[in-house]
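A short worksheet on the structure shown next.
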Amino acid sequence: MAQMASMIRRRLNRGDGAWAYAFIAVALTVFAVFTAYPVASAFIISFQQYSPMGSTFIGFDNYSDIFRSDLFWKAIRNTVVYTVLTVPVALVLSFAVAIMIMPLKKWMQTTFKAIYYLPAVASGVALSVVWLWIFDPLPNGILNQLIGWFGISNQNWLGSSSTSMFSLVLMSWLSSHGTSIIIYVAALLGIDDSYYEAAEIDGATFLQKMWHIVIPCLKPTTLFLLVTGVIGSFQVFQNAYLMTGGGPNHSTTMVGLLIFDTAFKYFEFGKAAAQSLILAFIIALISFFQFKFMGKDVEY
Amino acid sequence: MKRKTRFAAAVLALLLSLGLLSACGSGGGGSDSGGSTGEGASSGSENSGSDAKDTITALLPPVSPKYQENFKQMEADFNKLYPNLTLKIEPASWEDITQKLDTQVNAGSPPDLAFIGSDGISKYAQMGMLLDIKDLATPEMIEDFDPAPLEYMKKGDGLYGFPAYMEVHALGGNKQFLEEAGIDWKKVQQEGWTYEEFREAIKKGVVKNGNETTRYGFVFATAGVASKDYLGILVKSAGMPSPFTEDLKYAYTNKNFLEVLKAIRQMIDDGSMPKELSSVDAGKRWNMFLTGQTMITGKGLAVFENSANQNNAKIEAGDGSAVKDSIKVDYIVLPVPSFAGQPAVAHAVVDGYVAFRGKKEPSEEHKANVVKAAYFLASGQVAATTNNDLFAAHITDSARKAAENMETNRNPDNVAAVENMLKTAAPARPDIPVELGAQAIKIENEVIIPKLQALLANEITPEEMYEAVKKAAIDTFGEDGVVKE
């Protein structure tokens, strides 16, 4: 009897295994077609001088050209500056907003979350048009009128190397924190009340509770947001493309925009593929070190 | 129960897989979505005889204000003329046409025809993706076109399409402000002006209210890539009608290039142009022109007179859709000044219908049909309607004839001024090899435009920009490949 039951169980399990493969086949096919295949193609193309009429193999020429290019290193520098200026501020802002809306009633929380999430839903192009109005360089521009109240003369926000990067950073600071806020709020809700109760019995202040309970408990969330934030920031393209086109004098040319320009302005798809793979390698390296040094005592 | 669940799940998985496969399928064979171009269209027509059915695809931007409204009529008229042929037009905006076309070209499946500037021919010819129609166009077709614009569609020995119009990139002035500043604009239209005369004129056009400038003498759109138009237009009248001399040496290492850069900075430093010029885009400067914030604007195209007239009519009628705070403007066509004692050379712009091919060699019948479609679009009634809408001169006999009964309200002085400039227009340079042309475009994108943006923003000097361009040119073409100072 037991033997029969075991046999039936094995048969059922064998069937489940087949079904499991059938189900993951959908996701696997999507991954293979839209991720694995393009990555493998990019790897092959990076060793070619690409042409739709027939590509030629040129070894590591694309890679050596890239490493010799001043523009590539300038783009890397710009990307690092942009990342350093945007990601930490985004984390602090999201965390602060999440903490501030936590004590509110449920409907108020939802309202605020929806408001902060709105820029993520809105079209990036539409947002850029609004920001172009804000950064209008003439004295009657919105931001120029604002600084005019403090006696500061009008600035050529996007047209000057000294302010163009700051303008893109400001744009990033004031938009698109909705996802991080929602994740932080969810993580805050996951902290057991008993920690706060124990702290209150011990007479802990608000800041002490923050430091000793909230921040340690949110470490996995912060690490996740940091890693995804850095990855997103290194891949930034849209804002530079729509707002400055990388100028003036390449002061806002980031790696993502450089890859686009290489591919679609100069039709050097081989070099663009090589640049993409170098970018992917840099991102992987940074993510590895982030996990290695910041994820040591993180428990999931 | 478990069996039912499995069945439902299997159906769901199957549907998802089919959805995925069909998505991939439609991506590859975009013939139903207007992308049947190149390989698809070509291969589809391979079995076609001369009267066999065939489809010609065309990627077209809003060439004139009413151009895209006429697409259905154009398709119907073409089909009436050639009952076995279908013209399938894919509309595009000016903003995305290059990207759409480049993507299709690099995927090896471009449209049969695309409306592009003649300066883009070398880029696609270098990739081998253009269709040489030299031996396919009939003598009647060729004879219909004025020779000068047709030359622009050539590269080397090949002819890659038909021109739609030949325009000049000029300047546009506000008649009232020009007269208030004591500028004899009719004389300028007829005889031109030097940079020194132009500089004094735009100084007179400046109006100040205390420290604030309420009207500039001259505003040119220079934000982003528009800056290359600004420089490109000015250097033509500084002894550099093309980036390459006739002996194929790179020309922008000439000392006159530096003189133009100095002039660009001087006009801003004089206060005749806004110090924020580097951020002024095409829309902004046109708004500044219509709202009386500048006396002269650039670049100026003939169609701007039409736009100004339309806005004037709206102001007169009290129509709320007139540009906010705009004033009535009589648009005056003005030539670009000449520099360093060089003769004025107008910047001619020839755009047209360029023929493409896919990875696979198209059939002879399909090639002939593509030429028929290109000629249909570039001549006769279609060209007459489009060019009248653009206020542009007709460049085919058939369009001139078709336009005989069409009315326009162009200022005759402007018509004469454009004709004058066309006489001095820079000639086409089909002799420049595509490789050299592509290298010059790269220098333009990687060095000239970024440095010009920095010069406009007062971050580098004209001398620094000149040295940067010279270095890039020597690195690319070698010491002997560039003009010595």
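Chain letters run A, B, ... following the sequence lines, proteins first, then strands; residues in each count from 1. Just so we're clear, the structure is a prediction, and the values are computed from it rather than from any experiment.
Here the OH atom belonging to Tyr266(A) is positioned 11.0 Å from the NZ atom belonging to Lys123(B), to the nearest 0.5 angstrom. Distance NZ/Lys360(B) to CE/Met53(A): 13.0 Å, rounded to 0.5 Å. Here the straight-line distance linking atom CD of Glu446(B) with atom OG of Ser69(A) works out to 6.5 Å at 0.5 Å rounding. Between Ser251(A) atom OG and Glu459(B) atom CD the span is 7.0 Å, to the nearest 0.5 Å. Remark: Ser279(B) OG to Gln155(A) CD distance equals 11.0 Å, nearest 0.5 Å. Note that the CG atom of Asn154(A) and the CD atom of Glu212(B) stand 9.5 Å from one another [nearest 0.5 Å].
The ring-ring contact (aromatic ring centres under 6.0 Å, His included) check on Phe234(A) picks up nothing, with sequence neighbours excluded. Partners of Lys275(B) under the salt bridge (charged side-chain N to carboxylate O under 4.0 Å, His left out) rule, at least two apart in sequence or in another chain, do not exist in this structure. Under the side chain to side chain contact (heavy atoms under 4.5 Å, CB included) criterion, Pro274(B) pairs with Tyr216(B), Val219(B), Glu276(B), Leu277(B), sequence neighbours left out.
No side-chain donor-acceptor contact under 3.5 Å links His250(A) to the backbone of Val447(B).
For Gln126(B), no part sits under 4.5 Å from any heavy atom of chain A, backbone or side chain. Looking at Phe135(A), neither its backbone nor its side chain comes within 4.5 Å of chain B, counting heavy atoms on both sides. With a 4.5 angstrom heavy-atom cutoff, Ser160(A) touches chain B via backbone and side-chain atoms both.
Summarising the local packing, NZ of Lys451(B) is surrounded by 12 or fewer heavy atoms from other residues, nucleotides or ligands at distances under 6.0 Å. When the shell of 6.0 Å around CH2 of Trp133(A) is examined, it contains 12 or fewer heavy atoms from other residues, nucleotides or ligands. Residue-environment remark: CZ (Phe57(A)) exceeds the threshold of 12 foreign heavy atoms within 6.0 Å. Environment of CG in Asn209(B): sparse, with no more than 12 heavy atoms of neighbouring residues, nucleotides or ligands closer than 6.0 Å. Residue Asp475(B) qualifies as enclosed at atom CG: its count of foreign heavy atoms under 6.0 Å is above 12. For CZ of Phe43(A), the number of neighbouring non-hydrogen atoms (other residues, nucleotides, ligands) closer than 6.0 Å is 12 at most.
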Verdict with supporting geometry, Lys265(A) and Asn445(B), side-chain contact (heavy atoms from CB on, under 4.5 Å): CA-CA 8 Å; Lys265(A) 257 190 191 169; Asn445(B) 284 322; 4.1 Å; yes

For salt bridge (Lys or Arg N to Asp or Glu O under 4.0 Å), just list the numbers for Lys442(B) and Glu268(A), CA-CA rounded to whole Å, side-chain angles, deciding distance to a tenth of an Å, and then say yes or no. CA-CA 11 Å; Lys442(B) 191 155 190 191; Glu268(A) 294 181 69; 2.8 Å; yes

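Counting heavy-atom pairs closer than 4.5 Å to chain A, the top-ranked of the candidates Asp102(B), Asn458(B), Leu452(B) is Asp102(B). If you tally non-hydrogen atom pairs under 4.5 Å between each of Leu132(A), Leu138(A), Asn156(A), Leu71(A) and chain B, the highest count goes to Asn156(A).
Closest approach of Gly159(A) to Ala457(B), counting heavy atoms only: O-CB, 3.2 Å. The two residues Pro52(A) and Asn106(B) make their nearest non-hydrogen contact at CB-O, 3.8 Å. Nearest heavy atoms, Ala454(B) versus Pro248(A): N-CB, 4.4 Å.
With salt bridges taken as basic N to acidic carboxylate O contacts below 4.0 Å, one links Lys284(B) and Asp136(A).
Heavy-atom neighbours of chain A within the stretch residues 285-294 of chain B, taken at a separation under 4.5 angstrom, comprise Met288(B).
Here the side chains of Met127(B) and Tyr50(A) are not in contact, with every heavy-atom distance at 4.5 Å or above.
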